[in-house]
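A quick write-up on the structure given underneath.
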Amino acid sequence: MDTSNASTGVTGRYFDGKTSRLHRVTLTVTDGVAHLSGDVERSAPLASLRVSERARHAARKVSFEDGAWLEVDDRAAFAQLLAGTGHRDTGVVRAQQSWRGVLVALGVTVGVVVVSYVYLLPAAAGWVANTLPVSVERQMGQGVLEVLDRRVLGPTRLPAARQEQLRRQFAALVAPEPDAPTWKLVFRSSRIGPNALALPSGDIVMTDQLVNLLKDDQAVMAVLAHELGHLHRRHLTRRLVQSSAVAAGTWVIFGDLSAMLTALPTVALDMKYSREAEYEADDYAVAMLRHNGIDPEHMAQAFVKLGQASGGQDASYLSSHPATGERIARIRAAR
Ligand SMILES: [Zn+2]
């Protein structure tokens, strides 16, 4: 009669690792040494053995250093035997025993990822953007302008005198806050319609189409003030850092380096700011206009015209700066 238990040992199937022959053996443990008896007799220090992790339906497996192994079906008896030797399954293994544990672990993981993405990443990006040396920021902007020039921008057709006139007008305005970033006004014709954007390099790109559409220099000033607001708050730098961080993350997790390399141009062409960023830039612009005695209504009018002009256009100023009625009302309320 078989009386296998923790004190007398557990039965199992032994394979020598060289032939497929099955040996029936009994495993016992005394003083830190495992003994097999039955078809095969052998002993080995416990420390030299590897015990498979506990899985719900699999037999436990004990591997010897020479490639031989023992399979035990009676997992309860085996666990008892192991417990007597002081062997402990790791916490991870124990948690994997229950589906509930798995679900909780999954939920926590998803939660951490979501919180990181929604809260930590923007905060970290903001912090990085604000601490990034200006020289690095300028370099990032340089790359972005090159990409834009290759893909959507062309040489300006505005007469040099007209460019200079607008440049001088904007330079004459006083920023609403101290430490305004240095900027450079860059004119370009565009395949993306009336548009303006502030690059981390300090370049404020303005398309001929925008100047021609507004037909009002004060409105042009309003748009430029809005862009200076983005620049002053480092909005685009933030977005670039954030996207690079996501790409760097995919690189680390999935080993996909291409995602990181393509991130910058993609962001450059998809400059959608958050609503908060837009409002910040609007507030900045309104403050700047008032500071210089210009009626913010010029800015409201700029958005009205842009709204009319965009009708169906794909990548107009509006896709990055939605001219909602709410927004126009907000600018007018600031008067
Ligand atoms: Zn904007």
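What's counted below: heavy atoms across the whole structure, side chains too, no hydrogens, waters or symmetry copies.
Here the closest non-hydrogen pair linking M288 and P176 is CB-CD, 3.7 Å. Between A68 and R42, the shortest heavy-atom distance links the atoms CB-NH1, 3.6 Å. A196 approaches E227 most closely through the heavy-atom pair O-OE2, 3.2 Å. When all heavy atoms are compared, the tightest approach of H230 to A277 is CE1-O, 3.8 Å. Taking every heavy atom of both residues into account, L306 and P194 meet most closely at CD2-CB, 3.9 Å. Closest non-hydrogen pair, I331 versus P296, comes out as CG2-O, 3.7 Å.
Comment: D203 does not engage R188 in a salt bridge, judged by the lack of any side-chain N to carboxylate O separation of less than 4.0 angstrom. The residues E71 and K61 are annotated as not salt-bridged, no charged nitrogen and carboxylate oxygen being separated by less than 4.0 angstrom. Salt bridge R60/D74: absent, no basic N to carboxylate O contact under 4.0 Å. Taking 4.0 Å as the cut-off between side-chain N and carboxylate O, D39 and R21 do not count as a salt-bridged pair.
There is a side-chain donor-acceptor pair under 3.5 Å between Y284 and H232. A donor-acceptor contact under 3.5 angstrom links the side chains of Q169 and D217, judged on distance only. For the residue pair H35 and T28, no side-chain donor N or O sits within less than 3.5 Å of a side-chain acceptor on the partner. Counting only N and O atoms by type, the side chains of E278 and H235 include no donor and acceptor under 3.5 Å apart. If you check the side chains of D208 and T156, you find a donor sitting under 3.5 Å from an acceptor.
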Going through the distances and angles, do I294 and M299 end up as a side chain to side chain contact (heavy atoms under 4.5 Å, CB included)?
-> CA-CA 10 Å; I294 300 174; M299 187 168 162; over 6 Å; no
Check the pair L166, F187 against side chain to side chain contact (heavy atoms under 4.5 Å, CB included), reporting the backbone distance first and the verdict last.
-> CA-CA 10 Å; L166 290 169; F187 291 95; 4.0 Å; yes
Test side chain to side chain contact (heavy atoms under 4.5 Å, CB included) on V62 and F78 and set out the steps.
-> CA-CA 10 Å; V62 178; F78 185 74; 3.5 Å; yes
Test L36 against L70 for side chain to side chain contact (heavy atoms under 4.5 Å, CB included), laying out the working first.
-> CA-CA 9 Å; L36 298 186; L70 171 72; 3.9 Å; yes
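A side-chain donor-acceptor contact under 3.5 Å links Q209 to the backbone of S190. Side-chain atoms of T207 come within 3.5 Å of backbone atoms of G193 as a donor-acceptor pair (strictly under, hydrogens ignored). The main-chain N or O of G229 is never found under 3.5 Å from a side-chain atom of E280 such that the two would form a donor-acceptor pair.
Side chains of L224 and L173 form no contact here, defined as non-hydrogen atoms less than 4.5 Å apart. Annotation: side chain of R24 is not in contact with side chain of T11 (no heavy-atom distance under 4.5 Å). Residues V211 and L214 are not in side-chain contact: their nearest non-hydrogen atoms beyond the backbone lie 4.5 Å or more apart. Side-chain contact between I204 and V186 is absent, with no heavy-atom pair separated by less than 4.5 Å. Considering only heavy atoms from C-beta on, V33 stays 4.5 Å or farther from L46 through its side chain. In this structure, D216 and H298 have side chains that are in contact, with non-hydrogen atoms separated by less than 4.5 Å. The shortest distance between side-chain heavy atoms of M206 and N195 does not fall below 4.5 Å. Between V10 and T26, every side-chain heavy-atom pair lies at or beyond the 4.5 Å cut-off.
A distance of 9.5 Å separates CD in E164 from CG in L185, rounded to the nearest 0.5 Å. Taking NZ of K305 as the start and CD of Q301 as the end, the distance is 7.0 Å to the nearest 0.5 Å. From D149, atom CG reaches atom CZ of R151 across 12.0 Å, with rounding to the nearest 0.5 Å. Within the model, atoms CG of L153 and CG of L145 stand 7.0 Å from one another, a figure rounded to the nearest 0.5 Å. Here the CH2-CG distance, from W183 to L199, works out to 14.5 Å after rounding to the nearest 0.5 Å. Rounding to the nearest 0.5 Å gives a distance of 13.0 Å between CG of L210 and OG of S189.
Aromatic ring centroids of F15 and H23 lie 6.0 Å or more apart. When ring centroids are compared, W69 and Y14 stay outside the 6.0 Å threshold.
Within a 6.0 Å radius of CD in E41, other residues, nucleotides and ligands contribute more than 12 heavy atoms. More than 12 heavy atoms of other residues, nucleotides or ligands sit less than 6.0 Å from atom CZ of R162.
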